[in-house]
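Encoded as structure tokens, the structure appears first; notes follow it.
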Amino acid sequence: MSRALISVPPKVKKGQVIEIKTLIQHVMETGFRPNSTGVLIPRDIISAFTCTYNGTEIFRCEMFPAMAANPFLTFHTVATESGTLEFAWSGDNGFSVKESAKIQVE
Amino acid sequence: MAGVTRREVLHYAAAGTVLLAASPAAATPQAMQEAIRKVVGSAKVMPGRMQITIAPLSENGNTVPCTVTVESAMTPQDHVKAIHIFNEKNPQPNVISIHLGPRAGKASVSTRIRLSETQTVTAIAQMSDGSFRTHSANVIVTQGACLEDTP
């Protein structure tokens with residue numbers, strides 16, 4: 001199980017643009033590197049990430065091997081209502097991690 | 001050119017070609033252009049009104065911080081639909097494809113990328129009106145993202 005770190009401001013004003021930061025533990029093996037015996041190490045990356053805000057998608061991305069290990073993403077959203085932000089990562093070898101964060105909008 | 005015969009020149013030229021052919025698979029600037037074409041189709045790509053920010057000198061190609069900011073009001077009528085980042089010389093031209101909408105509030109994303117060597121990184125922004133913007137940055141990489149397994 002990978003550890004994921006999420007930073008969402010817990011209390012914000014309505015209409016404010018907030019910054020969301022996510023970091024997840026993953027090797028992001030490119031599939032282009034040979035091991036000590038010269039055999040290529042199979043690709044093992046996170047290929048997709050989605051963030052939803054009370055069920056509405058606000059951010060989505062497709063990742064390729066050129067992403068650094070432990071993918072880090074910073075993006076923004078408008079604080080519209082109190083609720084839950086859900087984060088989902090998926091990738092090679094059935095990799096799937098879900099996280100959520102509460103947000104309170106005043 | 002005293003002391004260098006025609007035969008030697010031809011010999012080294014041939015050796016150079018072999019060395020180039022033997023280098024590991026790498027995306028070329030053409031491969032990047034093709035990958036960009038796949039995204040933009042036949043649309044015109046205009047430079048300006050967006051910015052890709054990367055340190056011009058990167059000591060470690062394994063993790064290069066990178067920020068893309070697009071000037072946009074991010075309203076339902078006028079917003080950034082997608083941001084794509086491409087590289088010239090990694091084994092694959094794609095880095096990341098990001099999909100945004102008016103809910104983003106601000107078209108600015110940051111991440112960390114891998115670069116195998118000194119090269120140009122290009123970002124493309126797809127706007128809601130169907131237009132495309134672009135901006136490129138040169139990055140000097142002193143130690144590239146490793147292609148061998150760590151011992």
Side-chain angles (χ1 to χ4, degrees), chain A residues 7 12-24 26-43 45-81 85, chain B residues 24-27 32 35 39 58 60-70 72 74-76 79-116 119 121 145-151:
Chain A
S7 156
V12 291
K13 291 208 168 68
K14 192 173 167 70
Q16 193 183 336
V17 176
I18 56 164
E19 186 183 66
I20 300 166
K21 290 181 185 170
T22 67
L23 179 69
I24 186 162
H26 199 284
V27 290
M28 295 296 275
E29 186 57 60
T30 61
F32 297 106
R33 296 193 312 149
N35 64 10
S36 49
T37 57
V39 183
L40 283 185
I41 307 167
R43 192 185 94 157
I45 65 164
I46 298 177
S47 49
F49 167 73
T50 330
C51 174
T52 59
Y53 189 154
N54 283 347
T56 312
E57 180 185 289
I58 53 164
F59 182 92
R60 173 167 61 91
C61 70
E62 288 120 48
M63 295 186 243
F64 295 87
M67 287 291 290
N70 306 323
F72 167 78
L73 284 165
T74 305
F75 51 95
H76 298 85
T77 192
V78 183
T80 49
E81 55 192 352
L85 285 152
Chain B
M32 180 177 84
V39 169
S58 177
N60 182 1
N62 273 311
T63 161
V64 183
C66 161
T67 301
V68 180
T69 306
V70 187
S72 168
M74 293 308 271
T75 57
H79 59 266
V80 180
K81 275 176 86 175
I83 296 171
H84 304 267
I85 304 178
F86 298 96
N87 70 78
E88 266 182 348
K89 290 181 180 169
N90 286 8
Q92 277 186 343
N94 300 71
V95 179
I96 187 169
S97 296
I98 296 157
H99 304 272
L100 299 173
R103 287 285 299 269
K106 185 176 166 189
S108 174
V109 290
S110 303
T111 187
R112 292 176 191 151
I113 68 174
R114 276 186 182 133
L115 296 174
S116 64
Q119 57 183 295
V121 179
C146 54
L147 284 167
E148 274 110 55
D149 194 11
T150 41

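Each chain gets a letter, A, B and so on, in the order its sequence line appears, and its residues count up from 1.
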Taking every heavy-atom pair that is under 4.5 Å apart, which of Ile98(B), Leu100(B), Thr63(B) has the most such pairs with chain A? Ile98(B)
Please name all residues satisfying side chain to side chain donor-acceptor pair (under 3.5 Å) with Thr74(A), sequence neighbours left out, ordered by chain then number. none
When the 4.5 angstrom heavy-atom criterion is applied to Asn94(B) and chain A, the contacting part is both
Whatever's closer than 4.5 Å to a heavy atom in chain B on Ser47(A) counts as neither
Applying salt bridge (Lys or Arg N to Asp or Glu O under 4.0 Å), can you list everything that pairs with Lys81(B), at least two apart in sequence or on another chain? none
So, applying side-chain contact (heavy atoms from CB on, under 4.5 Å) with Phe59(A), which one of Thr52(A), Thr77(A), Thr50(A), Leu73(A) is it? Leu73(A)
Working to the nearest 0.5 angstrom, can you tell me the gap between Glu62(A) CD and His99(B) NE2? 3.5 Å
Listed by residue number, which members of residues 14-23 of chain A have a heavy atom under 4.5 Å from any heavy atom of chain B? Val17(A), Leu23(A)
Between the main-chain N or O of Pro93(B) and the side-chain N or O of Asn87(B), is there a donor-acceptor pair closer than 3.5 Å? yes
Contact check, side chains of Pro91(B) and Thr30(A), non-hydrogen atoms, under 4.5 Å: no
Side chain, backbone, both or neither: which part of Tyr53(A) has a non-hydrogen atom closer than 4.5 Å to chain B? both
Would you give me the side-chain donor-acceptor pairs under 3.5 Å for residues 63-70 of chain A, sequence neighbours excluded?
residue, atom, partner, partner atom, Å
Asn70(A), OD1, His26(A), N, 2.8

To check you understand the geometry: which heavy-atom pair defines the closest contact between Ser58(B) and Gly61(B), and what is its length? OG-N, 4.5 Å
